[in-house]
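To start, the structure itself, in structure tokens.
Keep in mind the model is a prediction, meaning the values are calculated, not measured.
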Amino acid sequence: MGSAEDSTPTQGRLARTARLAALPAAYAGRTAFGIGKRIGGRPAEAVAAQVQQRTAEQLFATLGHLKGGAMKVGQALSAMESALPEQLAGPYRETLTRLQEAAPAMPTARVHEQLARSLSTDWRQGFRDFDDRPVAAASIGQVHRATWADGTPVAVKVQYPGAAEALVADLGTLQVLSPVMKAAAPHVDVRELFAELRERLTEEADYSREAEAQQAFADAYRGDPDIAVPDVLDVQGQVLVTEWVGGTPLSRVIADGTQDDRDRAGQLLVRLLASGPVRAHRVHGDPHPGNFRLLPDRRLAVLDFGSTQAMPRGWPDRLGPLLAAGRDGDAATLHRIATSAHLVQPDKVTDTALLDLLDPYFEPLRAAEYRFTRRWMQEQTRRASDPLSTAARTQRRLTIPPHYLLLQRVAAELVGVLCSLGATVAVDDEVRRWLPGYDAAGTPA
């Protein structure tokens, strides 16, 4: 590990760029090697599958070892990770987890400089006390515990110097990976993907926007018996101050929580996703376990609102009917709605093939309560990870608009967390309550 100064995103840019730039060259080499194998008699589809697998392996390894925008892109492409064999996906997830848990902290002097620049040179007068040791450090900032002048315990989020610029710069560098990403995820429009990612990454580095989103959730869920969101107390420049929240981290519930705690956390995670667009007119876009706490009163505390998506009109009108069609096994209706939402091209994907691909993901809607398990997740990964399978061929023919990428990522990551919890959840009840058109007899609360 480098020195403490290495923790800022602007350090080591040449090395980062070189590492990323090596990917397209390696992909080109593998492609040429694949052509040779085809000439030598191996089936073209088998060779393509091998090239795709090795390309994805190198792509995830590289994104997983970099931070800033590179790591954010890796997270945004988590749908690709879910289509990989466990031997590839496992090391990638472990690498990201290590980076998130052991991100090097800013030197204390740099933290104080940021506080003085954003708040004022006499920033200490706003606090009774301030702990220089960070309690959390991630890709663009770190969190310190402190006590506000009026005695309120607070969390002080301090952004790394140059984090916003580094995110955008990383994204520009990552555009050289377009052919690599196209090989690993053929159904993604890479040009539109980067346009969407640029907007999302810029928003994530904007603490004033994050404060607005967090306060919208805090207001929407104020007094709620199940979900707690800390109020925003101040935001200036690269510093965000919110109420402090204790409780048990969701990662600890996953590691050694009781089954009752696992089920409770899982149910409330689903409720947050389903109800957010209706109550706060936003969706929380980062269901990582580090962003949640289970409080002693059994509420789920929600932290970190850097990744959200505004949904001023709530859920899309087509989503409820689409889920209902999938739940009921109505292939023709599912295909018609997916086509109208530009998720499939009708001449490339039949209604039967689409239902066959998505059917396992509708299972949680067909029971009063559904038990999410690692085995189920592994089976879906195995099913989708074979590039020669019917499911994988159908998946490659989907056309997912970039503005759906956040929702797709959130849903995939949420299911992953539910499986890690081993939670039993009444998914159908939550969807029925919050999504218009899912149940014609009922209306969203």
Side-chain angles (χ1 to χ4, degrees), residues 34 43-57 59-60 76-86 88-89 179-193 196 316 318-366 375-416 419:
E45 199 166 29
V47 174
Q50 184 179 33
V51 170
Q52 182 178 336
Q53 178 172 326
R54 291 183 179 178
T55 297
E57 181 175 15
L59 173 64
F60 286 123
L77 294 173
S78 61
M80 291 166 57
E81 179 263 335
S82 67
L84 291 174
E86 182 61 25
L88 300 184
V180 184
M181 293 179 179
K182 191 65 178 176
H187 60 285
V188 173
D189 184 322
V190 177
R191 182 182 58 80
E192 292 189 13
L193 167 65
E196 178 74 9
R318 298 185 187 95
L319 184 57
L322 183 143
L323 293 176
R327 174 201 63 199
D328 298 339
D330 185 345
T333 300
L334 177 69
H335 190 269
R336 176 178 56 78
I337 297 173
T339 299
S340 69
H342 306 292
L343 298 175
V344 299
Q345 298 179 42
D347 58 331
K348 293 185 178 180
V349 179
T350 67
D351 54 3
T352 302
L354 182 63
L355 182 60
D356 287 346
L357 171 66
L358 299 179
D359 193 66
Y361 304 105
F362 293 121
E363 287 180 15
L365 301 174
R366 295 171 180 154
R375 178 175 296 179
W376 180 87
M377 191 70 172
Q378 291 167 0
E379 171 59 23
Q380 305 319 313
T381 301
R382 183 203 62 76
R383 180 172 172 267
S385 65
D386 178 3
L388 306 182
S389 70
T390 300
R393 283 197 295 270
T394 302
Q395 183 169 277
R396 288 195 294 270
R397 291 169 181 164
L398 299 182
T399 54
I400 302 172
H403 60 273
Y404 288 148
L405 285 173
L406 178 67
L407 292 178
Q408 181 193 30
R409 176 173 64 81
V410 171
E413 291 182 2
L414 175 60
V415 169
C419 290

Heavy-atom pair of closest approach, residues A331 and L355: CB-CD2, 3.8 Å
Shortest non-hydrogen separation from P360 to Q380 and the atoms involved: CB-OE1, 3.1 Å
CG on L354 to CG on L343, rounded to 0.5 Å: 8.5 Å
Min side-chain heavy-atom separation T394-D356 under 4.5 Å: no
Between CG on residue L322 and CZ on residue F362, distance to nearest 0.5 Å: 5.5 Å
Contact summary for M377 and G416, nearest pair of heavy atoms: CE-CA, 4.0 Å
Approximate separation, where rounding is to 0.5 Å, of E363 CD and R366 CZ: 6.5 Å
Point-to-point distance, once rounded to the nearest 0.5 Å, from CG of L357 to OG1 of T352: 12.5 Å
Any T333 side-chain heavy atom under 4.5 Å of D328 side chain: no
Shortest non-hydrogen contact from K348 toward R397: O-CD, 3.5 Å
Close side-chain approach of H335 to T350, heavy-atom, < 4.5 Å: no
Whether T390 side chain and A353 backbone form a donor-acceptor pair below 3.5 Å: no
Interatomic distance, Q408 atom CD to E413 atom CD [nearest 0.5 angstrom]: 10.5 Å
Electrostatic pair D330-R336, nearest N-O below 4.0 angstrom: no
